[in-house]
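Heads up: the structure comes next, in structure tokens.
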Amino acid sequence: MEQNVSFDKFNLHPKLLKALSEAGYTEPTEVQFKTIMKVAEGLDIRASAQTGTGKTAAFLLPALNQLTKPQEKHSKLPRVLILAPTRELAIQIESQVDKYAKYLPNIKKACIYGGVPYHKQLRSLSRQCDLLIATPGRLIDLLLQGKVNLSRIEMFVLDEADRMLDMGFVEPVNQIAAATPKKRQTLLFSATLEGTVTQFSNQLMRDPVDIVVHGKQAKHENIKQNLHYVDDIEHKNRLLDHLLAEDNVDNAIVFTSTKRHADKLVGELYDKGFSTAALHGDMSQRQRTRTIAQLRSGKIKVLVATDVAARGIDVQSITHVFNFDLPRNIEDYVHRIGRTGRAGAKGTALSFASNRDNVLVKKIQDFTGQKMDVVVVPGFEPSKKQRPAPSRQKPRPQFGNRKPGSGKPRSKPGSFSKPAGFGKSRGKPGGKPSGKPGGKPSARPPRKQAGQQRRRGK
Ligand code: ADP
Ligand code: MG
């Protein structure tokens, strides 16, 4: 990275540095560099950088570092509060805490979110708890029951604040903030710092410093963005089967616009021999956690997801993101494609669009400042003449400028330009179902899940 510094210069606790070096983090990302310096000065910070740029460590490292220092007056109550919009994200943050605080066993944490029983969470709150990660709903719930005391909070972090607003958490967040001391330090992270996020945060923060990162990684230049024109749903299905069976697809997430359609698509892909599962808001927390674990372990090759459920998924083996349906909310496009190309790896995002979607495609391109490459796979040409989506931007080179040391290189960058061999995968759609090169026999989803997965919508 440009700053060319290591983590050493931040005066972090040696045990944090040890964990970072074990995690393979050689240098801070840009948002980490800028944020960690300012947090140490005790300032309120509003930071925006796109997904996959390491925002979690940008707040966790200074937070954990603060927890290595003794309190003015000892208490068992939480000193750092991190709010996340979804359960998945809360769990994701918790696992990063485990990674960074590996050698700091005296720092105790709790992670509370809805959809699961209370007793375990209550138990972790009744003991010493220095760092509390929570989703707003469950936290309010416990606040009202008098089970959480936020009077000792020194640092209040709002992660994915834009999403928090989209999900209607303004009131709960204000209520939670009101239960913390006024003299706390407040940090806010968001993919964007626009309009409502700024207004909303002005009430919560004292003279915040804005950190806006437009780095190369933030521009997703490590993610190849392709656009496939399609005629209809049948065309989409055929093309998806074909592309999923390509050699270079290790793990893929397919985004659909509705939960029902996600379930239906899972059923269809399953019948064609793909190891697949759905991830959406109608599933219990246990099912969602298990599904993500199966994706991570390689048991599931194709995850079919809706936007909210896929937030915060951080699985490095995801090589491809398919926008089977384009997102209705343009910012979701950035969150979706950010599920691949994690930690500087290369990834491919493929969007399916019809001629009617041209306005939406243009809006997405204007928002990202990048043009998608229109790709036609031989044998899957759209029948209608497609006008390429107009854009003000010139296409940018892709796959350039990967940051050195920012992640493991992908062995096989996505490319669908070679002749597709139409018919090969149609005749034998399950030909390559589990997709792990040199891997074990195809992983069918476990029985219990299959029942749930194969439930047909409509
Ligand atoms: P964001 O919140 O900005 O979407 P995350 O905090 O989830 O991004 O980080 C994305 C990925 O980058 C994670 O897998 C994380 O472990 C990794 N990562 C974060 N910081 C570094 C770093 N300095 N060096 C290498 N990898 C990093
Ligand atoms: Mg994040």
Side-chain angles (χ1 to χ4, degrees), residues 223-246 248-283 291 295 300-311 313 315 318-340 347-358 360-361 363-364 372-377 380-382 386 389 414 416 420 425-426 429 433 435 453-458:
I223 300 173
K224 189 164 160 55
Q225 298 179 52
N226 292 349
L227 181 63
H228 291 265
Y229 278 107
V230 287
D231 296 330
D232 50 27
I233 181 99
E234 188 269 338
H235 190 183
K236 275 191 196 184
N237 282 325
R238 282 200 303 124
L239 185 59
L240 180 70
D241 298 348
H242 176 80
L243 294 174
L244 282 176
E246 296 255 315
N248 54 20
V249 180
D250 285 350
N251 273 140
I253 301 192
V254 179
F255 282 96
T256 63
S257 52
T258 66
K259 298 168 195 170
R260 224 170 41 176
H261 188 206
D263 279 336
K264 183 166 183 283
L265 192 57
V266 162
E268 289 165 2
L269 290 172
Y270 180 85
D271 289 345
K272 288 167 190 155
F274 290 101
S275 51
T276 177
L279 189 79
H280 56 60
D282 277 356
M283 294 162 63
T291 301
L295 181 70
I300 290 172
K301 174 176 175 174
V302 183
L303 186 72
V304 183
T306 57
D307 285 298
V308 170
R311 269 272 169 151
I313 293 182
V315 179
I318 296 169
T319 48
H320 292 71
V321 167
F322 289 85
N323 291 311
F324 192 87
D325 300 317
L326 288 176
R328 278 168 285 193
N329 174 353
I330 290 172
E331 285 176 25
D332 280 338
Y333 177 82
V334 174
H335 287 289
R336 286 180 177 192
I337 72 169
R339 296 308 108 210
T340 182
T348 306
L350 307 95
S351 297
F352 291 177
S354 78
N355 243 349
R356 284 197 311 268
D357 295 320
N358 265 339
L360 188 53
V361 169
K363 279 189 189 160
I364 290 170
M372 300 181 220
D373 291 324
V374 177
V375 175
V376 179
V377 180
F380 295 86
E381 297 83 358
Q386 306 294 336
F416 296 118
S425 72
R426 299 301 310 154
Q453 288 156 1
R454 301 189 63 187
R455 176 162 41 88
R456 299 305 173 94
K458 287 244 149 78

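For this chain, numbers begin at 1 and follow the sequence in order.
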What I'd like to find out is whether the side chain of [X] reaches to under 4.5 Å of the side chain of [Y], using heavy atoms alone.
X    : Y    : answer
V304 : D263 : no
L350 : H228 : yes
L243 : H320 : no
N251 : L295 : yes
L227 : V361 : yes
V254 : V302 : yes
I313 : L303 : yes
L265 : L240 : yes

As an exercise, state the distance from [atom1] of [X] to [atom2] of [Y], rounded to the nearest 0.5 Å.
X    : Y    : atom1 : atom2 : value
K363 : Y333 : NZ    : OH    : 15.5 Å
N355 : D231 : CG    : CG    : 9.0 Å
R336 : L326 : CZ    : CG    : 7.5 Å

Looking at every non-hydrogen atom in both residues, tell me the closest pair between [X] and [Y] and how far apart they are.
X    : Y    : value
F322 : A252 : CE1-CB, 3.9 Å
F274 : D241 : CZ-O, 3.8 Å
I253 : A305 : CG2-CB, 4.1 Å
I223 : I337 : CD1-O, 3.3 Å
T291 : A277 : CG2-CB, 3.9 Å
T340 : G347 : OG1-CA, 3.3 Å

All side-chain contact (heavy atoms from CB on, under 4.5 Å) counterparts of I233, not counting sequence neighbours: N237, H261, F324
For K259, all residues meeting side-chain contact (heavy atoms from CB on, under 4.5 Å), sequence neighbours excluded: H280, D282, T306
Side chain to side chain contact (heavy atoms under 4.5 Å, CB included) evaluation trace for I364 with V334: CA-CA 9 Å; I364 290 170; V334 174; over 6 Å; no
Under-4.0 Å salt bridge between D325 and K236: yes
Flag, side chain of R328 to backbone of S257, donor-acceptor distance under 3.5 Å: yes
Flag, side chain of T348 to backbone of K224, donor-acceptor distance under 3.5 Å: no
Those residues that, when tested against D357, pass salt bridge (charged side-chain N to carboxylate O under 4.0 Å, His left out) (two or more places apart): none
R238 and E234: CA distance, side-chain angles, deciding distance, salt bridge (charged side-chain N to carboxylate O under 4.0 Å, His left out) verdict: CA-CA 6 Å; R238 282 200 303 124; E234 188 269 338; 3.5 Å; yes
For S351, side chain to side chain donor-acceptor pair (under 3.5 Å) partners two or more places apart: N323
For T258, side chain to side chain donor-acceptor pair (under 3.5 Å) partners two or more places apart: none
Aromatic plane relationship, F380 with H242 - under 30° parallel, 30 to 60° tilted, over 60° perpendicular: tilted
